[in-house]
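Inspection log for the structure reproduced underneath, given as structure tokens.
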Amino acid sequence: MAEKSYFCAYHLEWIERMAAHNDLGKWGEEVAATYLRGLGFVIKETDWHYGNRDLDIVAISEDQSLLVVAEVKTRADDEAADPLTAIDKRKMHHLAVATNAYVKQHAVDAEVRFDVVTVVGTDEAHCRIDHLPDAFNPLLL
């Protein structure tokens, strides 16, 4: 019985860590959306899903000529791995597939650009935002 108690306690601790991680990620996406709005983009979607693939932020320029798909990576501090390393070729492919579906479903007639926005910190007063416009081109993978 003690083993089960240990397992349950460990499992609950893991669930709490994952919930905190998800909360941090959601917060980072909100910060990134606010940042993109400040650049003049209109946020069309956040956390848009196509099957098991998702787009963190879909934004469009005010003149409707540029659709930006922003992948957001959030870390509590600089001690964790570089957020950009989490975007590998497989992730880029998933983003391209989901973006293609989004463009078709919404009849988007605009240039598409893939950006990466990293947010490092835990609150807006003490965070750093790095924006890499045109971070990758899935046609060149």
Side-chain angles (χ1 to χ4, degrees), residues 2-141:
E3 262 186 56
K4 277 190 173 180
S5 295
Y6 173 76
F7 174 77
C8 290
Y10 175 79
H11 187 69
L12 288 174
E13 182 181 314
W14 180 82
I15 289 172
E16 288 170 357
R17 281 195 319 266
M18 287 306 294
H21 171 80
N22 290 341
D23 288 347
L24 181 66
K26 260 308 164 215
W27 172 79
E29 289 177 12
E30 291 170 9
V31 169
T34 299
Y35 169 80
L36 290 171
R37 279 187 201 98
L39 295 179
F41 288 97
V42 176
I43 306 302
K44 301 294 283 181
E45 306 278 350
T46 57
D47 201 27
W48 188 83
H49 286 268
Y50 176 68
N52 64 345
R53 297 170 172 102
D54 73 306
L55 302 176
D56 291 338
I57 298 174
V58 179
I60 195 152
S61 60
E62 289 179 346
D63 67 0
Q64 308 278 310
S65 67
L66 177 65
L67 184 80
V68 170
V69 176
E71 176 66 10
V72 180
K73 294 298 175 189
T74 308
R75 299 290 185 267
D77 55 50
D78 283 322
E79 300 300 315
D82 179 3
L84 286 177
T85 62
I87 305 171
D88 57 11
K89 285 186 179 183
R90 182 172 168 260
K91 178 64 176 178
M92 290 177 201
H93 174 73
H94 284 288
L95 292 168
V97 169
T99 300
N100 187 51
Y102 183 88
V103 166
K104 287 179 179 178
Q105 285 181 17
H106 294 86
V108 174
D109 184 24
E111 179 184 344
V112 177
R113 185 178 83 192
F114 293 89
D115 290 6
V116 175
V117 178
T118 62
V119 179
V120 179
T122 56
D123 64 73
E124 287 188 53
H126 302 96
C127 72
R128 186 182 78 238
I129 300 168
D130 294 317
H131 180 203
L132 183 57
D134 209 10
F136 65 91
N137 182 340
L139 297 177
L140 300 178
L141 296 179

Counting only pairs under 3.5 Å, give me each side-chain donor-acceptor contact of residues 63-71, with atom names and distances, residues two or more places apart or in other chains.
residue : atom : partner : partner atom : Å
Asp63   : OD1  : Ser61   : OG           : 2.7
Asp63   : OD1  : Ser65   : N            : 3.0
Asp63   : OD1  : Ser65   : OG           : 2.7
Asp63   : OD2  : Ser65   : OG           : 3.2
Glu71   : OE2  : Lys73   : NZ           : 3.2

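Closest approach of Val119 to Gly28, counting heavy atoms only: CG2-O, 3.7 Å. The shortest non-hydrogen separation linking Leu95 to Asp54 is CD2-O, 3.7 Å. Across all non-hydrogen atoms, the minimal contact from Gly121 to Leu24 is O-CD1, 3.6 Å. Closest approach of Pro138 and Ala96 over heavy atoms only: CB-CB, 3.5 Å. Between Val116 and Ala135, the closest heavy-atom pair is CG2-CB, 3.5 Å. Leu55 approaches Ala98 most closely through the heavy-atom pair CD2-CB, 3.7 Å.
Residues passing the side chain to side chain donor-acceptor pair (under 3.5 Å) test with Tyr102: none are found, sequence neighbours excluded. In this structure, the side chain to side chain donor-acceptor pair (under 3.5 Å) partners of Arg128, at least two apart in sequence or on a different chain, are Asp78, Asp130. By the ring-ring contact (aromatic ring centres under 6.0 Å, His included) test, His49 pairs with no residue at all, sequence neighbours left out. Applying the ring-ring contact (aromatic ring centres under 6.0 Å, His included) test to Phe114 and every residue at least two apart in sequence or in another chain returns Phe136.
Rounded to the nearest 0.5 angstrom, Thr74 OG1 and Ile129 CD1 are separated by 10.0 Å. The line from CD of Glu29 to CD1 of Ile57 is 6.5 Å long, rounded to the nearest 0.5 Å. Remark: Cys127 SG to Tyr35 OH distance equals 11.5 Å, nearest 0.5 Å.
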**Item:** Working for side chain to side chain contact (heavy atoms under 4.5 Å, CB included), residues Arg75 and Thr118
**Value:** CA-CA 8 Å; Arg75 299 290 185 267; Thr118 62; over 6 Å; no
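Environment of CD in Gln105: crowded, with over 12 heavy atoms of neighbouring residues, nucleotides or ligands closer than 6.0 Å. Shown here is Tyr50, whose OH atom has no more than 12 heavy atoms of other residues, nucleotides or ligands within 6.0 Å.
Looking at Leu36 and Leu39, their side chains come closer than 4.5 Å, going by heavy atoms from C-beta outward.
Residue pairs meeting the salt bridge (charged side-chain N to carboxylate O under 4.0 Å, His left out) criterion with at least one partner in residues 95-117, sequence neighbours excluded, are Arg113-Asp115. Legend: salt bridge (charged side-chain N to carboxylate O under 4.0 Å, His left out) pairs involving residues 32-52, not counting sequence neighbours, sorted by first then second residue: Lys26-Asp47.
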